[in-house]
Protein chains: 4
Amino acid sequence: MARGVNKVILIGNLGQDPDTRYTPNGNAVVNLNLATDESYKDRQTGQMVPKTEWHRIVLFGKVAEVAGQYLRKGSKVYIEGKLQTRKWQGQDGQDRYTTEVVVDINGQMQMLDSRGDGGGMNQGAPAGRPQQSNYNAPAAPQGNPQQQSGGYNQPSQGSMPEPVDDFDDDIPF
Amino acid sequence: MARGVNKVILIGNLGQDPDTRYTPNGNAVVNLNLATDESYKDRQTGQMVPKTEWHRIVLFGKVAEVAGQYLRKGSKVYIEGKLQTRKWQGQDGQDRYTTEVVVDINGQMQMLDSRGDGGGMNQGAPAGRPQQSNYNAPAAPQGNPQQQSGGYNQPSQGSMPEPVDDFDDDIPF
Amino acid sequence: MARGVNKVILIGNLGQDPDTRYTPNGNAVVNLNLATDESYKDRQTGQMVPKTEWHRIVLFGKVAEVAGQYLRKGSKVYIEGKLQTRKWQGQDGQDRYTTEVVVDINGQMQMLDSRGDGGGMNQGAPAGRPQQSNYNAPAAPQGNPQQQSGGYNQPSQGSMPEPVDDFDDDIPF
Amino acid sequence: MARGVNKVILIGNLGQDPDTRYTPNGNAVVNLNLATDESYKDRQTGQMVPKTEWHRIVLFGKVAEVAGQYLRKGSKVYIEGKLQTRKWQGQDGQDRYTTEVVVDINGQMQMLDSRGDGGGMNQGAPAGRPQQSNYNAPAAPQGNPQQQSGGYNQPSQGSMPEPVDDFDDDIPF
DNA sequence: TTTT
DNA sequence: TTTT
């Protein structure tokens, strides 16, 4: 239920392979870094200047499993989710905020191609092995705080904790 | 032009009066703090738990002027804009990131009522005087970083700089 | 599941009270006539010309019950649904098509006020009695075909049949 | 300007090549037939049943030119526009209504691939010759009324007139 | 870090 | 009439 509207719609390409983790109950949580491109006319030069915006996407439940399995660096994807800002403590003890686009059972994810980055033509075919990095988070992308935490759900001061979802962890979506 | 899609749609209420500033060229730039409400079922208690998400909105051009003039704390509003993340330096010299919903000529703002917070019934009527705080930013609401900068376009290290828009500052939207 | 995206987002006002009907299984099906206003500059006169677009909305399940109970002629409402075109036979035996915005469990309905048309101030309060017209449909508003059918689920040639939803009629949404 | 919200977002595939026409002033007007796919669970069989919805899209201005040039039967496309219902007279003199998704300067069109239907790999490359049928309208697709009119802007009773846009015809978008 |  |  909602007494408001909170909706985000994005189409862009993945800057890297999905980062798949699992909750203690075995539910997938997938992070994506999504680039949306825009260009605008520079008033000095009159030239069109490309501009890339990077978005941090978090998927839960079944849509997370599909994303983790089929999406790869470079994949074009449609995302429908909601904005959520999480508070966490930096190593200096100060508050930090990270805004993410959360895709849960109310959201949507549509693969618009399935190209991996190996140059392969695996159109519509699942990648061999879903990437899973439960122990070693990748370096954070531009525009997002460093992610140095250990396993999912073990945030600690001085690192960015993982997102939590509103839904019951025991019941798969 | 865009080779991607970057769209945010929100309906919520203002947590405080709009913060109106002006660029050197006299164009309005308005910041809003918008709350969207949601509720979800707590799995322990089975109760519905209300949850408020706060969004930082930045309006440019004509829509900014209208927002600054007619919106007030408590106003219900429809916002259509795009996600944008800005990088700035904290007082400790470290990088910080703030994600905002930018409403420019491609976006939309719809007043869904015009209630001020004084309990007045100025339904559909303009507020007496548009609030303008070019010298003293209000404290940030829950879920958003503190805003301690001075006037618009004078960011300094240790404070959060103001957003900049892609559009020609001299040409009103 | 969907391999495409089909989404409609509207904010407007009801041209008349909701038309509530029930399936044989007791599920509510509500029809709304929603007006969205726009204005554009006439190139002859240079004047802004108002233009109203009428939309036929069909709600199913729980959201239908809420709509039927709380919405009234004049109510402002947010609608999120999908486009659906139904084929039916006119009295002359020829095919007709009606496009509707369908709001089911994947959609959303948000009351933006609860004004009835009696000029009452029942803000946020339920109307006394949900209107139900299972036997006598109101005349269609501007921009929509006449609705002359009998009870729900008894379409006949020469009238516009009622919409059907994809979902199991026995299981409430 | 708008005092309401009227927005449609679609991702689907073209059922046929675009139909490009020109106004007397030389502005392109392009019609698309777009299929969006969905599937739902049949309650009798428990099977997933595919369901296709067809949409009539009308593009104006620059986005129309791009669509006419680069899209082909089978192309996947993102459409953002508004709902509009047009009234016209059937050959029997009776009123008919056709609902379209209008994409003008406020809308958006994104090619999600550029595949033509000849099986060619013209990825991102313009098709040899933009289809133009100013004299001979194609048979109407399923889910849409027959289109039997002559050239653009010469509707007559007994046929479905072409759509008109709110914008000044002389000024390219 | 993506894509065209 | 499309697509996977």
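In what follows, every chain begins at residue 1, and chains take the letters A, B, ... in the order their sequences are listed.
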What integer distance in Å separates [X]:[atom1] from [N]:[atom2]?
X     : N     : atom1 : atom2 : answer
A/I79 : E/dT3 : CD1   : C1'   : 16 Å
D/R72 : F/dT2 : CZ    : P     : 16 Å
B/Y97 : E/dT1 : OH    : P     : 13 Å
D/K51 : F/dT3 : NZ    : C1'   : 17 Å
A/L14 : E/dT1 : CG    : C1'   : 10 Å
A/L32 : E/dT3 : CG    : C1'   : 15 Å
D/K73 : F/dT1 : NZ    : C1'   : 6 Å
A/N13 : E/dT1 : CG    : P     : 16 Å

_Set of residues satisfying side chain to side chain contact (heavy atoms under 4.5 Å, CB included) with respect to D/A67, sequence neighbours excluded_ = D/V30, D/L59, D/L71, D/M109

*Could you pull out all residues at least two apart from A/E65 that satisfy side chain to side chain contact (heavy atoms under 4.5 Å, CB included)?*
A/A28

_Modelled atom types, side-chain donor and acceptor of D/W54 and C/T85, under 3.5 Å_ = no

Nearest to the side chain of [X], heavy atoms from C-beta on, is which of [options]?
X     : options             : result
D/W54 : F/dT2, E/dT1, E/dT3 : F/dT2
A/Q16 : F/dT3, E/dT2, E/dT1 : E/dT1
D/N33 : F/dT1, F/dT2, E/dT2 : F/dT1

*asked:* Measuring only between side-chain heavy atoms, which start at C-beta, is A/I9 closer than 4.5 Å to A/I79?
replied: no

*With a 3.5 Å cut-off and just heavy-atom distances, do the side chain of A/T52 and the base of E/dT2 make a donor-acceptor pair?*
yes

